[in-house]
Amino acid sequence: MKFTEEHEWLRPEDDVVVVGITEHAAEQLGDIVFVELPEVGTEVSKDDECVVIESVKAASDILAPIDGEIVEVNDALIDNPAMVNDDPLGEAWFFKIKPADASQMDDYMSESEYKDMIS
Amino acid sequence: MADLLKTPLYDLHVSLGAKMVEFAGYAMPVQYAAGVMKEHLHTRAAAGLFDVSHMGQVILKADSFETVALALEGLIPVSVAALQPGRQRYGFFTDETGGILDDLMFANRGDHVFMVVNAACKAEDLAHMRAHLGGVEITEITDRALIALQGPEAEAALAALAPAVADMKFMDVLTTEMLGAEVWISRSGYTGEDGFEISIPEASAEEIARALLADDRVLPIGLGARDSLRLEAGLCLYGHDIDTSTSPVEAGLNWAIQKVRRTGGERAGGFPGADRILSELADGPSRLRVGLLPDGRAPMREGTALFADETAAEPVGHVTSGAFGPTLQAPMSMGYLPVTLGTPGTTVYGEVRGKRLPATVAELPFVPARFKR
């Protein structure tokens with residue numbers, strides 16, 4: 001599992017990468033009330049805005065952490081955005097992306113490096 | 001944070017784990033550990049304690065209440081003179097163009113007026129009153145905290161410390177004692193719930209707040225939930241839903257302008273902007289503050305442009321407050337629309353992230369008020 005400075009986590013699963021946000025990010029955002037997901041099949045480049053999440057406080061974007069194709073999105077979040085607060089590392093993943101270049105993952109932090117960053 | 005003003009309850013907020021933010025020059029709690037959603041729902045279900053000490057507390061004195069009242073009527077389009085002792089009213093300072101300089105609460109406390117004004121406007125309000133209220137002594141109260149206790153269990157929780165409050169009705173004011181300190185209580189607030197605002201000498205503020213919080217029914221509530229509660233209740237936030245560009249009639253605040261101050265009334269006019277405000281009262285304004293319920297789940301936040309249809313080039317208005325309503329369980333907004341589009345049930349379109357999303361004009365409040373009349 002890898003972590004970005006934008007508080008996303010990336011979990012390789014077969015030939016795709018599952019993306020979500022960390023517990024720390026969910027806590028900082030507060031109660032999530034709205035999630036807008038990209039369309040399956042969308043080709044994204046690293047740093048493209050691909051998810052919008054709104055908390056009771058404000059809207060924020062989630063950026064594509066790597067280049068690739070969105071192959072699956074977690075539709076359950078649309079009806080139940082609060083899942084992001086309840087289980088950010090598990091049930092509340094946002095999308096699965098098929099990497100164009102898996103080596104882009106190497107730039108990201110390990111769990112211990114991420115923990116150091118937020119502590 | 002270091003340069004910010006602190007209320008007498010600052011240490012309490014920090015010790016309760018509040019997330020502190022800047023608001024109107026003060027370090028204020030935006031939320032506590034429970035978070036905005038839970039704090040909001042708890043206030044509607046039981047009782048919430050809010051620190052509103054940043055707001056301005058002002059005493060206006062002259063040889064009699066009536067002298068103060070008649071002077072004040074020169075600045076606000078509300079009947080002050082008819083306000084009975086022990087009663088409070090909502091009002092607003094208007095400017096020469098009929099816009100709103102600030103909204104406020106004022107009470108008849110026997111021989112004087114006690115006023116509560118918005119934190120961000122208090123310096124301007126004081127200067128405005130000092131410039132225009134000849135013969136009235138104007139004192140800003142800086143040694144008292146102001147807290148609000150709001151929700152269906154507020155009366156029970158407060159009566160445990162101040163039994164006299166049980167007999168108060170909505171907008172009554174009373175001086176009594178809590179834990180040995182003289183407190184000034186009004187049965188009012190800004191959440192749509194029954195509740196109280198309590199002015200406390202600063203030395204006793206933390207002790208009284210802690211005594212209220214010791215009651216299981218009471219949780220501390222931050223500015224985040226204060227905002228979602230007032231929006232569900234359809235109440236205006238100064239600087240957002242009302243300001244110098246909006247008249248009280250456009251804002252739907254006609255109910256606060258009593259007949260005696262309107263055309264044909266005994267003390268008609270005589271306040272800044274009276275020409276515009278009285279003619280809008282008679283003929284109707286061209287635009288109106290309305291409630292909006294977005295059809296989907298995406299909140300339409302402040303600044304969202306509103307369009308008559310999906311393709312119109314020019315917006316017809318914009319959102320002035322927008323959020324997710326925890327009690328409503330849906331997004332909600334307020335904004336201004338031309339009167340022709342302001343009828344409840346009308347569909348308009350808000351532009352969110354480049355997309356025109358439908359919203360339905362709705363009656364305010366979104367959540368019914370539960371005042372003790």
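None of these values were measured; they are calculated from a predicted model. The sequence lines fix the lettering, A, B, ..., with proteins before strands; numbering per chain opens at 1.
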A.B. asks: Distance check, rounded to the nearest 0.5 Å: H40(B) atom NE2 versus D31(A) atom CG?
C.D. replies: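 CG of D31(A) is found 11.5 Å from NE2 of H40(B).
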A.B. asks: Go through the steps for M37(B) and V33(A) under the test side-chain contact (heavy atoms from CB on, under 4.5 Å), then give the verdict.
C.D. replies: CA-CA 10 Å; M37(B) 194 86 82; V33(A) 297; 3.7 Å; yes
A.B. asks: Using non-hydrogen atoms and a 4.5 Å limit, figure out which bit of Q31(B) sits close to chain A: side chain, backbone, both or neither.
C.D. replies: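 Contact with chain A: side chain only.
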A.B. asks: Does a sphere of radius 6.0 Å around CD in E23(A) hold more than 12 heavy atoms from other residues, nucleotides or ligands, not counting ones at 6.0 Å or beyond?
C.D. replies: no
A.B. asks: Can you say whether A82(A) sits under 4.5 Å from chain B via the side chain, the backbone, both, or neither, judging by heavy atoms?
C.D. replies: neither
A.B. asks: I'd like to verify something: which residue of G35(B), P326(B), P299(B) has the highest number of heavy-atom pairs under 4.5 Å with chain A?
C.D. replies: P299(B)
A.B. asks: Give a yes or no on this: more than 12 heavy atoms of other residues, nucleotides or ligands lie within 6.0 Å of atom OH of Y238(B).
C.D. replies: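 Enclosed.
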A.B. asks: Identify which part of V35(A) has an atom lying under 4.5 Å from any heavy atom of chain B, answering side chain, backbone, both or neither.
C.D. replies: neither
A.B. asks: So, are K355(B) and E36(A) salt-bridged, with charged N and O less than 4.0 Å apart?
C.D. replies: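 Between E36(A) and K355(B) there is a salt bridge, with a charged N closer than 4.0 Å to a carboxylate O.
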A.B. asks: Could you tell me whether E91(A) atom CD has more than 12 heavy atoms of other residues or ligands within 6.0 Å of it?
C.D. replies: no
A.B. asks: A298(B), A323(B), P331(B), G224(B): which one forms the most heavy-atom pairs within less than 4.5 Å of chain A?
C.D. replies: A298(B)
A.B. asks: Atom CG of residue position D101(A) - does it have more than 12 heavy atoms of other residues, nucleotides or ligands inside 6.0 Å?
C.D. replies: yes
A.B. asks: Take a 6.0 Å sphere around NZ of K19(B) and say whether it holds more than 12 heavy atoms from other residues, nucleotides or ligands.
C.D. replies: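 Atom NZ in K19(B) is packed in, count exceeds 12.
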A.B. asks: Is it the side chain or the backbone of D79(A) that comes within 4.5 Å of chain B heavy atoms, both, or neither?
C.D. replies: backbone
A.B. asks: I would like to know whether E54(A) and R301(B) meet salt bridge (Lys or Arg N to Asp or Glu O under 4.0 Å); could you show each step before the answer?
C.D. replies: CA-CA 10 Å; E54(A) 297 217 22; R301(B) 308 242 177 214; 2.7 Å; yes
A.B. asks: Looking only at heavy atoms, what is the nearest atom pair of I78(A) and R297(B), with distance?
C.D. replies: O-CD, 3.4 Å
A.B. asks: Just wondering, more than 12 heavy atoms not from E27(A) lying within 6.0 Å of its CD?
C.D. replies: no
